[in-house]
Amino acid sequence: MSVPTQNIAVSLTGLTGDFGDRLSVIKAAGFDRIELDAVELSKQGDLRLAESLLLESGLKLSAYKEFKDFTGHKGHVIRYKMQLAQANLKMMAALGCNLLVVTPSARNRTDSDDEIIAQLRALSTLAMLRGIKVGYRPLPWSDHAYDYESAYRLVEQAGNANLGLVVDSFHNLTDLNIDELFTQVPGDKVFLIRLSDFAMSTLYTLEDKIEVDHHQRLFPGEGGHSSDLTTLLRNCQTAGYQGDLVLSANDDRYRFSSLETVIAKARQSRDWVLSKLN
């Protein structure tokens, strides 16, 4: 199975410059979709103008990232987060974005897993009413959704068809045996695959992982883990994954480079990914 070029998106994270300029350069580079960053969108100030620029660009939205720190709260905090989720889902529906990426809190403050499962079920039910899927992305520093097995156990028990997982290659490379991913999670419950590399050969501490996750992600093909990424991509094919692949990078060096330079790296990365799949 080959992966068509149009199934590869680029994340706005790590791309510098004016919001509209970024959209134009991405389009000119041959990408037809992006992963929309909630933080980047909030920086625009005039949300209606940002939404208008997105619609005018013609770019499709692979996902809206990221509804952070969602599961694991209780009381007024989870009620507030549900209200915020409704506002996000309304905006996504207006933009034609059908996948919301959600992450867990670091610390579970609920009394049982049943409460976490109920939170996921409630959010995905709200999303279902708008034709939107919810992709749960585990974090190694979470105490209740720290890998794909633990996250999928919660997703499976929540039971909603529009609730699945987001696979982030960064966490595969640092914490998991890549060959085990699709033995733990059915291919049709993986809604998005985010691809990143990094330069360091090994990350020994949680602090290192958080630092690299937030500031040192490289485009696939630029780091030191090309062989492992190739294995992950081919396992995705074997498992029948049909969703988008998002190229995600946020290394600080990109922030000091021109937009044209960074998007050229993204285009090279797209070609590298396609060469491993086709």
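- Considering every non-hydrogen atom in both Glu260 and Val25, the closest pair reads OE2-CG2, 4.2 Å.
- There is no side-chain donor-acceptor pair under 3.5 Å between Thr238 and Asn235.
- When all heavy atoms are compared, the tightest approach of Ser142 to Ser105 is OG-O, 2.9 Å.
- Applying the side-chain hydrogen bond (donor to acceptor under 3.5 Å, both in side chains) test to residues at least two apart or on different chains, the pairs with a partner in residues 112-124 are Asp113-Arg153, Ser124-Asn160.
- His73 NE2 to Thr110 OG1: the interatomic distance, rounded to the nearest 0.5 Å, is 10.0 Å.
- Listed here is the closest heavy atom pair of Ala94 and Leu55: O-CD2, 4.2 Å.
- Counting only heavy atoms from C-beta outward, the side chains of Pro186 and Tyr152 approach each other to under 4.5 Å.
- Around the NZ atom of Lys68, the shell of radius 6.0 Å holds no more than 12 heavy atoms that belong to other residues, nucleotides or ligands.
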Would you please test Met91 and Glu51 for side chain to side chain contact (heavy atoms under 4.5 Å, CB included) and show each step?
CA-CA 9 Å; Met91 181 195 67; Glu51 292 177 1; 3.2 Å; yes
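- Note on Tyr80: it clusters hydrophobically with Ile78, by side-chain heavy-atom contacts below 4.5 Å among ILVMFWY residues.
- Closest heavy-atom contact between Val273 and Pro220: CG2-CB, 4.2 Å.
- The two residues Tyr241 and Leu192 come nearest to each other via the heavy atoms OH-CA, 3.2 Å.
- The existence of a salt bridge linking Asp197 and Arg217 is excluded, since no basic side-chain nitrogen approaches an acidic carboxylate oxygen closer than 4.0 Å.
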Run the side chain to side chain contact (heavy atoms under 4.5 Å, CB included) test on Leu36 and Leu95 for me, step by step, so that the C-alpha distance in whole Å, both residues' side-chain angles and the decisive distance to 0.1 Å come before the verdict.
CA-CA 10 Å; Leu36 182 60; Leu95 292 173; 4.0 Å; yes
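- Asp244 has its side chain out of reach of Phe191: every pair of non-hydrogen atoms, C-beta onward, lies at least 4.5 Å apart.
- Atom OG1 of residue Thr103 and atom CG of residue Asp168 lie 11.0 Å apart, to the nearest 0.5 angstrom.
- With Ile8 as the fixed residue, the side chain to side chain contact (heavy atoms under 4.5 Å, CB included) test singles out one of Asp271, Leu277, Leu247: Leu247.
- Using modelled atom types, one finds a donor on one side chain and an acceptor on the other under 3.5 Å when comparing Thr71 with Tyr136.
- For residues 107-128, no pair satisfies ring pair (Phe, Tyr, Trp, His ring centres under 6.0 Å), with sequence neighbours left out.
- The main-chain N or O of His144 is never found under 3.5 Å from a side-chain atom of Asn108 such that the two would form a donor-acceptor pair.
- Between the side chain of Ser52 and the backbone N or O of Arg48, no donor-acceptor pair lies under 3.5 Å.
- With a 4.5 Å cut-off on side-chain heavy atoms, Arg255 and Val262 do not count as touching.
- Residues Ile132 and Leu99 have side chains not in contact (no heavy-atom distance under 4.5 Å, counting atoms from C-beta outward).
- When only modelled atom types and interatomic distance are considered, Thr230 and Ser227 share no side-chain donor-acceptor pair under 3.5 Å.
- Of the possible donor and acceptor atoms, none in the side chain of Lys90 sits under 3.5 Å from a partner among the backbone N and O of Arg130.
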Please assess Ser248 against Lys65 for the test side-chain hydrogen bond (donor to acceptor under 3.5 Å, both in side chains), listing each intermediate value before the final yes or no.
CA-CA 11 Å; Ser248 178; Lys65 67 166 254 195; 4.7 Å; no
Would Arg22 and Ile34 count as a side chain to side chain contact (heavy atoms under 4.5 Å, CB included) here? Give the steps.
CA-CA 11 Å; Arg22 281 183 282 174; Ile34 60 171; over 6 Å; no
Between Thr231 and Asp228, does the side-chain hydrogen bond (donor to acceptor under 3.5 Å, both in side chains) criterion hold? Intermediate values first, please.
CA-CA 5 Å; Thr231 299; Asp228 289 332; 5.1 Å; no
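- Residues Trp272 and Leu229 meet the side-chain proximity criterion, which asks for heavy atoms closer than 4.5 Å.
- Within 6.0 Å of NZ on Lys189 lie more than 12 heavy atoms contributed by other residues, nucleotides or ligands.
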Under the side chain to side chain contact (heavy atoms under 4.5 Å, CB included) criterion, do Arg33 and Leu61 qualify, and how do the steps go?
CA-CA 5 Å; Arg33 62 194 64 201; Leu61 300 179; over 6 Å; no
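- In this structure, the separation between CG on Asp251 and CG on Leu218 is 5.0 Å, given to the nearest 0.5 Å.
- In this structure, the side chains of Val190 and Tyr148 stay at 4.5 Å or more apart for every pair of heavy atoms.
- Two residues are said to be in side-chain contact when any heavy atoms from C-beta on lie closer than 4.5 Å; Arg137 and Leu165 fail this criterion.
- Remark: Lys265 is not positioned above the aromatic ring of Phe219, lacking an NZ or CZ atom under 6.0 angstrom from the ring centre and at most 45 degrees off the axis.
- Contact between Asp111 and Lys74 at its shortest, heavy atoms only, is OD2-NZ, 3.1 Å.
- For the pair Asn88 and Tyr64, the minimum side-chain heavy-atom distance is below 4.5 Å.
- Side-chain atoms of Thr13 and Asp37 form a donor-acceptor pair, as typed in the model, at a separation below 3.5 Å.
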